[in-house]
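Proteins get letters first, then strands, A, B, ... in listed order; numbering begins at 1 in each.
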Amino acid sequence: MEYRELHAWDLTYQQARELQTELRKKLIFRAPERDFQIVAGADVAYDKPTQRVFAAIVTVDLGIMKVLEEACAFARGKFPYIPGLLTFREAPTLLEAWKRLSVRPEVLICDGQGYAHPRRFGLACHVGMLVDLPTIGCAKTRLIGEYESPRLRRGEFSPLREGGEQIGAVLRTQDRVKPLFISQGYKISLDQALEVVLRAARRYRLPEPVRLAHQRVSRMKREFSRNPKL
DNA sequence: GCGACAG
DNA sequence: ATCTTGTCGC
């Protein structure tokens, strides 16, 4: 799959933050027009010792709950993890995996924040804009914002807000399970983002495409550090 | 200066 | 994210 090269990735921390503030102005949260069925999930794993980044995108047909395709990539990690700048550490490798996809998903769920970001431009927003596809920010923990714990039933959620603005929602995907932090990525409303994540989280805490992508990168890393190691 | 801080 | 096995429970 193709994507637009809107900018370089070898930036200073300051330039990276400025880029986010700049690109944020072009964010679009178009209203939903159809029910997404071809849903992809993206995740990344790191190998501390070799400084490698492993990325995977798994596409699932929610209608029949079957994997349609999966693409992987790995590279040498260059950018460090800095809260608010996660995109610059993960996106380059994630985009490599994206290139290897042959079927265009209808929506992509990213493991990280979307709009719920200091500059309102988290990983999901950034990736969505580059691949021009609706994306959803689906993080396991909070980056910013305040919230009340949602009720303990699957499907319950509460607003995530900062400074009088709602920036996302905290969603319980299974009874009594720790909630996920959902926010708009690109070309999608928060309502539809919640709907998609809940519908994709059939049996586990994480939506199936993301869960599978996580298993994939974990296996990649395991097999890599065990063999040729180069 | 102090505390917070996606993965 | 990662360091790490078994174990208690639905």
**Prompt:** B/dG3 C1' sits how many Å from A/L143 CG, rounded?
**Reply:** 15 Å
**Message:** Is A/Y81 close enough to B/dA6 that one of its side-chain N or O atoms is under 4.0 Å from OP1 or OP2 there?
**Reply:** yes
**Prompt:** What is the distance from NE2 of A/H117 to C1' of B/dC5, rounded to the nearest Å?
**Reply:** 11 Å
**Prompt:** OP1, OP2 of B/dC5 versus side-chain N and O of A/T141: anything below 4.0 Å?
**Reply:** no
**Prompt:** Under 6.0 Å from the CD atom of A/E146, do we count more than 12 heavy atoms belonging to anything else shown?
**Reply:** yes
**Asked** Per the side-chain contact (heavy atoms from CB on, under 4.5 Å) rule, which among A/L143, A/L123, A/L86 passes with A/H117?
**Response** A/L143
**Item:** Of A/K25, A/E18, A/K26, the residue whose pairing with A/E22 passes side-chain contact (heavy atoms from CB on, under 4.5 Å)
**Value:** A/K25
**Item:** Consecutive-pair stems (3 or more, Watson-Crick or G-U, under 3.5 Å) for DNA chain B
**Value:** none
**Request:** Give a yes/no answer on whether the side chain of A/K140 brings an N or O atom under 4.0 Å of OP1 or OP2 in C/dA1.
**Result:** yes
**Item:** Short side-chain donor-acceptor distance under 3.5 Å, A/Y147 and A/Q166
**Value:** no
**Message:** Working note: A/Y13 + A/Q15, criterion side chain to side chain donor-acceptor pair (under 3.5 Å); need CA distance, chi angles, decisive distance, verdict.
**Reply:** CA-CA 6 Å; A/Y13 306 151; A/Q15 294 177 313; over 6 Å; no
**Asked** Can you check whether A/R142 has a side-chain N or O nearer than 4.0 Å to OP1 or OP2 of B/dA6?
**Response** no
**Asked** Roughly, in whole Å, what's the span from CZ in A/F181 to C1' in B/dG7?
**Response** 14 Å
**Message:** Using a heavy-atom cut-off of 4.0 Å across all strands, would you classify A/L123 as base, sugar-phosphate, or nothing?
**Reply:** base
**Item:** Heavy atoms of other groups near A/R161 CZ, more than 12 under 6.0 Å
**Value:** no
**Asked** Counting N and O atoms only, with roles assigned by atom type, does the side chain of A/Q184 sit under 3.5 Å from a partner on the main chain of A/S189, one being a donor and the other an acceptor?
**Response** no
**Prompt:** What is the nucleic acid contact for A/L180, judged by heavy atoms within less than 4.0 Å: base, sugar-phosphate only, or nothing?
**Reply:** nothing
**Prompt:** CD1 of A/I167 versus C1' of B/dA6: gap in Å, rounded?
**Reply:** 12 Å
**Asked** Whole Å only: how far is the CZ atom of A/F54 from the C1' atom of C/dA1?
**Response** 13 Å
**Asked** Can you tell me if CZ on A/R151 sees more than 12 non-hydrogen neighbours from other groups inside 6.0 Å?
**Response** no
**Fill in**
Taken to the nearest whole Å, CG/A/L86 to C1'/B/dG7 is 5 Å
**Prompt:** Between B/dA4 atom P and A/I82 atom CD1, what is the distance in whole Å?
**Reply:** 20 Å
**Message:** Is it true that, when you exclude A/F79 itself, more than 12 heavy atoms of the residues, nucleotides or ligands shown sit nearer than 6.0 Å to its CZ?
**Reply:** yes
**Item:** Where DNA chain C forms stems, i.e. three or more consecutive Watson-Crick or G-U pairs with both distances under 3.5 Å
**Value:** none
**Item:** Under-4.0 Å side-chain N/O to phosphate OP1/OP2 contact, A/K48 with C/dC3
**Value:** no
**Message:** With a 4.0 Å cut-off on N to O distance, would you call A/D132 and A/R4 a salt bridge?
**Reply:** yes
**Prompt:** In whole angstrom, what separates A/K221's NZ from C/dC3's C1'?
**Reply:** 9 Å
**Asked** Base, sugar-phosphate, or nothing for A/G137, non-hydrogen atoms under 4.0 angstrom?
**Response** nothing
